[in-house]
Amino acid sequence: PATQYADLVRLLRGRGIRVALDTSGEPLRAALSARPSLLKPNRHELEQVLGHPLGSSAAVLEAARRLLDQGIAEVILSDGESGAWFVTPEGALHARPPRIDVRSTVGAGDALVAGALSAHLRGLPPAERARFATASSLVDPMLLDFELRPDSWLRGRADDPRSLAGDAAVPTAQFVL
């Protein structure tokens with residue numbers, strides 16, 4: 001049912017467990033009232049739930065801040081090649097990825113969430129968390145553009161996704177008022 005994620009978020013929050021949620025459609029709409037700790041929709045998914053387009057950066061930030069007002073601690077809104085917005089009560093960051101040759105975006109949002117959680121657990125400051133998460137989202141699409149890499153190539157790079165593509169693929173992150 002559309003409420004399954006909302007029910008699970010409520011159950012886990014009731015036990016003191018923080019929850020990151022990345023879903024869409026009716027499950028996303030239902031989960032908003034459950035207040036996951038971290039919510040990661042993409043722009044299109046959030047527009048569908050809100051029922052109107054988010055045509056500007058200001059509109060994206062306003063929508064994310066309304067979610068914070070509802071009790072969600074952090075919103076990461078992915079926006080394709082434009083990057084991702086990282087919004088908390090302390091402020092907002094916009095991280096822009098470098099241009100890469102993308103064969104598929106399948107898994108990029110999941111990698112963004114994984115990178116954000118990993119960066120949080122590592123204790124990285126906000127701008128570095130945004131850059132790390134955004135770099136993580138690039139790994140899957142980038143690797144699909146290259147031939148399969150040998151284990152020796154990945155060794156030593158797996159701890160930081162920013163190292164997978166060299167200096168040219170380090171995302172930028174800037175604070176937004």
- Task: Examine the side chains of T134 and R96 and answer whether a donor and an acceptor come within less than 3.5 Å of each other.
- Result: no
- Query: Which pair of heavy atoms, one from G115 and one from F132, lies closest together, and at what distance?
  - Reply: O-CD2, 3.3 Å
- Task: Measure the CG-CG distance between L32 and L39 for me, rounded to the nearest 0.5 Å.
- Result: 6.0 Å
- Message: I'd like to check Y5 versus P36 (side-chain heavy atoms, cut-off strictly below 4.5 Å). Are they in contact?
- Response: no
- Distance-minimising heavy-atom pair for A111 and S137: CB-CA, 3.9 Å
- Query: If you take all heavy atoms of R35 and G71, which pair is closest and at what distance?
  - Reply: CD-CA, 3.6 Å
- How long is the span from the CG atom in D79 to the NE2 atom in H94, to the nearest 0.5 Å? 6.0 Å
- Task: Check side chain to side chain contact (heavy atoms under 4.5 Å, CB included) between L121 and all other residues, then give those that pass, not counting sequence neighbours.
- Result: none
- Task: Output all residues satisfying side-chain hydrogen bond (donor to acceptor under 3.5 Å, both in side chains) with T23, sequence neighbours left out; order by chain, then residue number.
- Result: none
- Query: Going through the distances and angles, do V60 and V87 end up as a side chain to side chain contact (heavy atoms under 4.5 Å, CB included)?
  - Reply: CA-CA 10 Å; V60 167; V87 185; over 6 Å; no
- Task: Can you measure from CZ (R122) to CD (E128) and round to the nearest 0.5 angstrom?
- Result: 11.5 Å
- Item | From Q70 atom CD to L68 atom CG, the distance as rounded to the nearest 0.5 Å | 9.5 Å
- Message: Show the nearest heavy-atom pair for residues A73 and P89, with the distance to one decimal.
- Response: O-CD, 3.3 Å
- Message: Within this structure, what is the CD1-CG distance for the pair I76 and N42, rounded to the nearest 0.5 Å?
- Response: 13.0 Å
- With sequence neighbours excluded, residues passing side chain to side chain contact (heavy atoms under 4.5 Å, CB included) with L50: L46, H52, L54, A63, R66
- Would you check if P41 and E47 make a side-chain contact, meaning some heavy-atom pair closer than 4.5 Å? no
- Message: The criterion is side chain to side chain contact (heavy atoms under 4.5 Å, CB included); which residues satisfy it with T3, sequence neighbours excluded?
- Response: P1, D7, A30
- Could you pull out all residues at least two apart from D22 that satisfy side-chain hydrogen bond (donor to acceptor under 3.5 Å, both in side chains)? none
- Message: Testing the basics here: between A95 and A130, what is the closest heavy-atom pair and its distance to 0.1 Å?
- Response: CB-O, 3.9 Å
- Query: Would you call L11 and I17 a side-chain contact if the rule is heavy atoms closer than 4.5 Å?
  - Reply: no
- Note on the structure: Nearest heavy-atom approach of L138 to P97 is CD2-CB, 3.7 Å
- Taken in chain and number order and not counting sequence neighbours, the residues that satisfy salt bridge (charged side-chain N to carboxylate O under 4.0 Å, His left out) with R29 are E26
- Kindly indicate whether the side chain of R18, heavy atoms from C-beta on, has any atom under 4.5 Å from the side chain of H120. yes
- Task: Apply side-chain hydrogen bond (donor to acceptor under 3.5 Å, both in side chains) to Q48 and list each qualifying residue two or more places apart in sequence or on a separate chain.
- Result: H44
- Rounded to the nearest 0.5 Å, what's the gap from CG on L28 to NZ on K40? Could you check? 10.0 Å
- Message: If the condition is side chain to side chain contact (heavy atoms under 4.5 Å, CB included), which residues does E81 pass it with, not counting sequence neighbours?
- Response: R99
- Message: Which residues pass the side-chain hydrogen bond (donor to acceptor under 3.5 Å, both in side chains) test with S37, not counting sequence neighbours?
- Response: none
- Item | Worked verdict on L112 versus F86 for side chain to side chain contact (heavy atoms under 4.5 Å, CB included) | CA-CA 11 Å; L112 179 69; F86 296 79; 4.0 Å; yes
